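First the structure, in the form of structure tokens, and then the observations on it.
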Amino acid sequence: MAKHPTTMEDSNRSSNPSIHALSDPARRVLLRGGTGAALGATLAPLAAALAGCAAPGAGVTAPPQLGFKGVEPGLGDRLVVPEGYVATVLAPWGEAVGVPGRMPAFKPDASNSAAEQALQMGMHHDGMEFFALSGSSSHGLLALNHEYTDDGLLHFGGMQPWTAEKVRKSQAAHGLSVIEVELAGDRWRMVRPSRHARRITMDTPFAVGGPAAGHALMKTAADPAGRLVLGTLNNCAASQTPWGTYLSGEENWAGYFSTSDKPDAHELRWGLRPKGFGYRWHEHDARFDTTRTPNEPNRFGWVVELDPHDPDSTPVKRTALGRAAHEGAWVAVTRDQRAVVYSGEDARFEYIYKFVSRDRIQPGGARANRELLDHGTLYVARFDADGRGRWLPLVQGQGPLTAAQGFADQGEVLIKARQASDLLGATKMDRPEWLAIDSRSGHVYCTLTNNSLRGEAGRPGVDAANPRANNSMGGIIRWHEDGDFDGLGFAWNHFVLAGDPANPRAEARGNIKGDLFGCPDGIAFDPRGLLWIQTDAHATQMYKGEFARIGNNQMLACDTASGEIRRFLTAPTHCEVTGLSFTPDARTVFINIQHPGETPSDRSDPAEPARYSNWPDYMPGGRPRSATVAIRRADGGPIGS
Ligand code: FEO
Ligand code: CA
Ligand code: CA
């Protein structure tokens with residue numbers, strides 16, 4: 001997402017050391033190949049439809065070779081795909097999602113009401129998944145996140161004056177959407193009306209599952225049981241589970257709350273501050289004023305699970321996976337069919353987690369697995385300098401996680417996962433974003449997008465896993481678990497360090513084999529085994545010389561066998577490329593273009609909403625709109641080869 005001024009900067013000042021010695025960034029730890037057996041027969045039909053969430057491969061097979069002509073670095077306000085490819089924009093912010101009988105038209109001057117916005121696509125699309133209907137690659141549902149709002153763009157007149165109606169509209173523009181889409185000829189379009197169409201906003205009830213459900217720290221005056229939360233916030237990345245549900249991470253939720261002038265230690269550790277990131281919801285909604293509702297922030301920061309196939313289902317906050325500034329969550333499956341959920345915390349000097357379910361995945365879809373993610377063990381990662389790593393259990397009563405240290409029960413460990421991870425000596429990472437599981441080799445890949453504060457005075461210095469001071473370019477780290485995905489030890493290496501090798505500053509030079517990029521964020525394997533990478537450099541970075549030969553944010557494909565990376569797409573001015581999902585036949589990829597025309601301050605000037613971008617409408621007097629894009633080959637062939 002856009003990096004608001006106080007985002008992710010100061011929360012982790014605890015003293016667990018980044019002790020690891022600086023290693024050669026280019027070194028490669030030898031990782032062995034696949035170890036596991038194929039999925040059990042009972043799950044094979046489920047797994048067959050899913051990419052990137054399977055057990056370790058029975059053997060390593062090479063992914064297909066890259067077969068498109070790479071595009072040049074992007075500079076203009078346009079979306080560029082390779083020769084022979086066609087990109088179709090669908091579902092921009094403000095389009096009615098298609099609830100039958102309730103489809104308000106988008107007003108280009110942003111004068112739609114809050115009630116209308118609650119029936120329209122939210123703002124700033126992010127993580128997204130395609131759910132095939134009846135196994136089809138030409139008809140399905142798209143579930144997607146609306147991460148945050150640019151309130152200068154969202155409202156007629158921007159934030160002046162600031163009213164309760166604008167707060168309600170901003171809240172209605174957050175959350176999730178479920179839309180129905182179909183391939184008509186060679187173009188994708190929304191199916192409207194649709195019985196599947198749904199918006200989830202800050203008014204939507206969420207159940208709370210797992211050990212923190214009903215905990216004293218989860219209770220509020222409006223919810224004395226601590227088991228029902230209204231809304232989900234700052235949903236960033238997403239994934240699809242093998243049992244057919246959608247997982248979405250609540251990322252920079254802290255920015256929506258305003259504290260007293262003197263935040264307490266718990267608030268400080270979670271990045272809560274007076275006035276937050278300037279959303280100003282607290283001025284009209286007491287929920288976001290922690291002096292009036294001190295426990296409300298504890299009810300955010302969870303991975304949420306939604307069954308997109310059932311428009312009447314109640315989504316659930318899965319507390320067993322731990323509280324964090326969750327980028328997202330991704331499922332691997334052990335040989336005995338338990339779920340292993342990897343997640344990272346996109347914040348400077350925060351952590352990587354994995355959850356291992358107690359129970360096995362059952363055939364029967366969402367209903368048969370509705371409590372699967374409520375029972376299991378959560379771990380946090382420590383990356384050691386010798387290329388090995390350990391998963392450290394976040395279990396109350398074990399090691400330092402005792403009542404004397406402030407952890408009365410498992411619910412408190414999960415609500416205070418950062419504090420618990422501090423005590424365990426987990427490794428403070430350079431903003432872990434998406435994870436991707438290579439079902440062929442069993443490797444787990446994780447983007448570390450950047451960390452401009454690494455090595456600053458008073459901050460953690462470099463370590464083996466995070467080897468660059470003022471890390472402006474980021475990279476991709478990967479590991480392989482000992483044995484199966486539930487292994488407690490792993491071997492890791494840097495798959496690639498991003499950045500132009502010609503950069504004058506040594507720490508910004510990368511070792512990319514192929515086309516140049518910086519700040520990797522989205523990452524996923526397609527159904528055929530190509531690795532796709534999306535980037536998110538902030539507008540303020542783009543004007544720096546380090547990006548001169550990298551250009552606008554982009555999407556690239558990687559053949560992990562050779563390591564070659566090739567630029568597939570360049571995106572409009574000041575946007576982020578995200579929301580990566582393929583149809584089962586790998587012949588369509590859906591992406592999201594988020595925040596085209598983002599301003600350096602992250603809030604647009606309502607007098608000049610199209611100052612930097614007018615994508616995708618290019619309408620005179622209009623405004624830029626985040627949107628989903630469907631990309632196909634003109635000849636209908638598989639993407640990328
Ligand atoms: Fe929402 Fe971590 O990007
Ligand atoms: Ca990002
Ligand atoms: Ca992201």
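Keep in mind the model is a prediction, meaning the values are calculated, not measured. Remember, it's 1-based here, ligands and their atoms both numbered in the order they're listed.
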Inset, instruction - Looking at E327, pick out the N, O or S atom nearest to the Ca ion (ligand 3) and give its name. - result: OE2

Legend entry - N, O or S from E251 under 3.0 Å to the Ca ion (ligand 3): no

Legend entry - Which residues share a salt bridge (charged side-chain N to carboxylate O under 4.0 Å, His left out) with R623, sequence neighbours left out: none

Legend entry - atom 2 (Fe) of ligand 1 - closest N/O/S atom in E433: OE1

Legend entry - atom 2 (Fe) of ligand 1 reached by E327 (N, O or S, under 2.8 Å): yes

Legend entry - Name, closest N/O/S atom of D346 to atom 2 (Fe) of ligand 1: OD2

Legend entry - Test: E546 and K544 ion pair at under 4.0 Å: no

Inset, instruction - Find out whether L154 and S170 are in side-chain contact, i.e. whether some heavy atom of one side chain is under 4.5 Å from a heavy atom of the other. - result: yes

Legend entry - Crowding at CZ, R78 (>12 non-hydrogen neighbours, <6.0 Å): no

Legend entry - Centroid-centroid under 6.0 Å between Y445 and F525 rings: yes

Inset, instruction - Report yes if the side chains of T290 and E296 come closer than 4.5 Å at any heavy-atom pair, otherwise no. - result: no

Inset, instruction - Decide, counting backbone as well as side-chain atoms, whether D521 has an N, O or S atom less than 2.8 Å from atom 2 (Fe) of ligand 1. - result: no

Legend entry - side-chain hydrogen bond (donor to acceptor under 3.5 Å, both in side chains) against Q541, all qualifying residues, sequence neighbours excluded: none

Inset, instruction - Measuring from the Ca ion (ligand 2), name the closest N, O or S atom belonging to D536. - result: OD2

Legend entry - Residue E576, metal the Ca ion (ligand 3), N/O/S under 3.0 Å: no

Legend entry - the Ca ion (ligand 2) to D521: nearest N/O/S atom name: OD2

Legend entry - Charged N-O contact under 4.0 Å between D430 and R454: yes

Inset, instruction - Please confirm if an N, O or S atom belonging to E433, backbone or side chain, lies less than 3.0 Å from the Ca ion (ligand 3). - result: yes

Legend entry - E251 atom (N/O/S) at minimal separation from atom 2 (Fe) of ligand 1: OE2

